[in-house]
Amino acid sequence: MPELPEVETIARQLAPELTNAVLSRVLVSRDDIIHGDPRPLPGLLRGRRVDRVHRRAKRIVMDLSGGAQLVFHLGMTGTLTMTRVRAAVDNHTHLRIRIRGTDRELRFRDPRRFGGVWCLTDQPKYVGQKLGPLGPEPLELRIKQFKAILRRSRPIKPLLLDQTVVAGLGNIYSDESLHAAGVHPLTRADSLDGDAASRLLRCIKSTLRRAIRFSGTTMMDYRTPSGAKGSFRRFLRVYGREGEPCRRCRASIERIVVAGRSSFFCPQCQRRTRERGKVRRCEREKMRT
Ligand SMILES: [Zn+2]
């Protein structure tokens with residue numbers, strides 16, 4: 001699933017081509033992926049200029065003239081590509097938007113349809129799935145804010161995945177950041193001291209920035225708007241590496257399921273404080289028997 005670095009890559013690559021472009025013909029193949037303003041999308045978008053393309057959390061946002069916004073959520077398998085109008089259309093392409101005065105168009109494709117397109121206008125009416133509330137952007141988080149976020153008894157991994165708490169992190173970059181900071185995914189958020197909190201925030205930011213530099217990670221479906229794969233996968237230290245040696249200490253990477261999601265971690269580099277206590281207790285008991 002595309003996370004912050006992938007979506008940032010897409011927004012940055014779309015921006016030069018789409019900023020100041022005027023939208024013309026709009027072809028919708030599946031209505032059920034369109035949410036927001038209920039008026040037919042083609043009539044609503046045609047003739048609008050794209051003022052800005054940017055990212056918020058895992059969403060690509062296009063600010064359009066007249067105060068409208070077109071928001072794309074890529075879900076699990078969504079892609080946004082810029083292509084020639086005459087290029088062959090892949091299966092599962094649900095939306096095509098032509099750019100006036102060019103032979104180019106924007107295509108939204110999403111085989112599994114967990115993603116969608118939201119057209120937001122000043123119309124109070126709203127159809128379809130709502131876009132949920134979002135927490136702050138991790139790259140803009142200050143340490144004071146982050147420490148306030150950590151004042152919860154939840155384990156750190158599901159807390160980082162919660163988009164209403166911090167917006168943009170998913171499974172890959174939360175696992176990578178926790179490994180870089182030496183924090184076990186099941187550590188209670190409020191048990192991290194000031195140093196650990198600062199280290200974790202630093203690792204989250206550096207992991208995300210580095211992944212953006214390499215256009216994100218392609219595990220399966222993610223592609224940039226030009227159709228290229230992200231190249232950060234070769235730098236992954238834990239994600240998807242169960243049974244492989246930790247690049248730091250050579251211990252075997254483990255996988256556990258946390259809040260229904262696979263979590264990859266190094267049992268040596270990411271020890272749980274409480275577990276260490278347990279191990280010591282077990283060892284003492286063994287010695288006694
Ligand atoms: Zn390790």
Side-chain angles (χ1 to χ4, degrees), residues 1-15 17-18 21 23 25-42 44-45 50 53-64 68-99 104-120 126-132 134 161 163 167-173 211 215-230 232-233 240 260-261:
M1 177 193 267
E3 303 179 28
L4 188 154
E6 290 77 35
V7 178
E8 179 70 27
T9 301
I10 293 167
R12 286 186 189 182
Q13 287 194 14
L14 288 178
E17 188 158 0
L18 286 179
L23 309 181
R25 203 166 155 218
V26 176
L27 292 165
V28 182
S29 315
R30 285 201 71 119
D31 277 333
D32 60 352
I33 57 128
I34 313 284
H35 312 279
D37 193 312
R39 284 174 288 180
L41 200 65
L44 192 60
L45 294 184
V50 179
V53 182
H54 54 110
R55 177 193 60 77
R56 170 75 173 108
K58 300 180 197 172
R59 303 165 184 175
I60 293 141
V61 183
M62 292 180 194
D63 296 340
L64 306 178
Q69 276 188 326
L70 202 55
V71 181
F72 293 87
H73 196 291
L74 302 174
M76 297 283 287
T77 54
T79 51
L80 271 177
T81 46
M82 287 300 299
T83 174
R84 291 170 72 100
V85 171
R86 286 173 197 279
V89 181
D90 291 326
N91 284 343
H92 312 292
T93 300
H94 308 310
L95 176 68
R96 298 162 64 187
I97 305 176
R98 287 196 186 173
I99 307 304
R104 307 274 290 166
E105 66 181 22
L106 175 72
R107 292 182 182 176
F108 176 65
R109 181 174 182 268
D110 187 9
R112 293 188 63 186
R113 281 186 285 116
F114 287 113
V117 184
W118 279 254
C119 185
L120 309 179
Y126 215 79
V127 291
Q129 220 182 321
K130 286 198 175 187
L131 281 165
L134 292 173
L161 290 181
Q163 299 299 296
L169 285 174
N171 225 12
I172 297 178
Y173 300 106
S215 306
T217 306
T218 296
M219 298 304 288
M220 288 171 73
D221 303 280
Y222 160 69
R223 295 289 184 280
T224 71
S226 58
K229 292 182 179 183
F232 191 68
R233 187 172 179 171
R261 309 285 302 274

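All values reported here derive from a predicted model rather than from experimental measurement.
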CG of Leu131 to NE2 of His73, rounded to nearest 0.5 Å, is 7.5 Å
Within a 6.0 Å radius of atom CZ on Arg112, are there more than 12 heavy atoms belonging to other residues, nucleotides or ligands? no
What's the separation between atom CG in Asp37 and atom CH2 in Trp118, rounded to the nearest 0.5 Å? 14.5 Å
Report the C-alpha distance between Asp90 and Thr81 in whole Å, list the side-chain angles of each, state the deciding distance to 0.1 Å, and finish with yes or no for side-chain contact (heavy atoms from CB on, under 4.5 Å). CA-CA 11 Å; Asp90 291 326; Thr81 46; over 6 Å; no
Counting distance only, does the side-chain N/O of Thr218 pair as donor-acceptor with the main-chain N or O of Gly230 below 3.5 Å? yes
Looking only at non-hydrogen atoms, find the nearest pair between Leu4 and Ala167 and report the distance. CD1-O, 4.2 Å
Taking the side chain as everything from C-beta on, heavy atoms only, tell me whether Thr217 gets closer than 4.5 Å to Pro5. no
Looking at Val50 and Leu18, what are the two nearest heavy atoms and their distance? CB-O, 3.1 Å
So which heavy atom on Thr9 is nearest to which on Gly216, and how close? OG1-N, 4.1 Å
Rounded to the nearest 0.5 Å, what's the gap from OG1 on Thr83 to CZ on Arg107? Could you check? 4.5 Å
Do His92 and Asp110 make a side-chain contact, defined as non-hydrogen atoms from C-beta onward lying under 4.5 Å apart? no
Is a side-chain donor-acceptor pair under 3.5 Å present for Ser226 with Thr224? yes
Are Asp32 and Arg113 side-chain neighbours, meaning at least one heavy-atom pair lies under 4.5 Å? yes
From CA spacing to verdict: side-chain contact (heavy atoms from CB on, under 4.5 Å), Val85, Arg98: CA-CA 7 Å; Val85 171; Arg98 287 196 186 173; 3.3 Å; yes
The single option from His54, Arg55, Lys58 that satisfies side-chain hydrogen bond (donor to acceptor under 3.5 Å, both in side chains) with Glu8 is Arg55
Got a second to check how far Leu70's CG is from Leu44's CG, nearest 0.5 Å? 9.0 Å
Going by heavy atoms in the side chains, are Leu106 and Leu14 under 4.5 Å from each other? yes
Tell me, with the steps shown, if Ile10 and Tyr222 meet side-chain contact (heavy atoms from CB on, under 4.5 Å). CA-CA 10 Å; Ile10 293 167; Tyr222 160 69; 3.9 Å; yes
Distance-only, no hydrogens or angles: does the Glu3 side chain make a donor-acceptor pair with backbone N or O of Gly170 under 3.5 Å? yes
Within a strict 4.5 Å, meaning less than it, do heavy atoms of the Phe232 and Ile172 side chains meet? no
N/O donor-acceptor pair under 3.5 Å between Gln163 side chain and Leu169 backbone: yes
I'd like to know whether Phe108 forms a side-chain contact (heavy atoms from CB on, under 4.5 Å) with Val117, so could you lay out the CA-CA distance, the side-chain angles of the two residues, the decisive distance to 0.1 Å, and finally the verdict. CA-CA 9 Å; Phe108 176 65; Val117 184; 3.8 Å; yes
Does the side chain of Met76 reach to within under 4.5 Å of the side chain of Asp221, using non-hydrogen atoms? no
Residue pair Met82 / Glu105, side-chain heavy-atom distance below 4.5 Å: no
For residues Gly132 and Arg59, report the shortest heavy-atom separation together with the two atoms involved. O-NH2, 3.2 Å
Heavy-atom distance under 4.5 Å between the side chains of Phe72 and Met62, does that happen here? yes
Rounded to the nearest 0.5 Å, what's the gap from CG on Leu95 to CD1 on Ile33? Could you check? 5.5 Å
Report the distance from atom CD1 of Ile60 to atom CD of Glu6, rounding to the nearest 0.5 Å. 10.5 Å
Which atoms form the tightest heavy-atom contact between Ile99 and Ala21, and what is the distance? CG2-CB, 3.6 Å
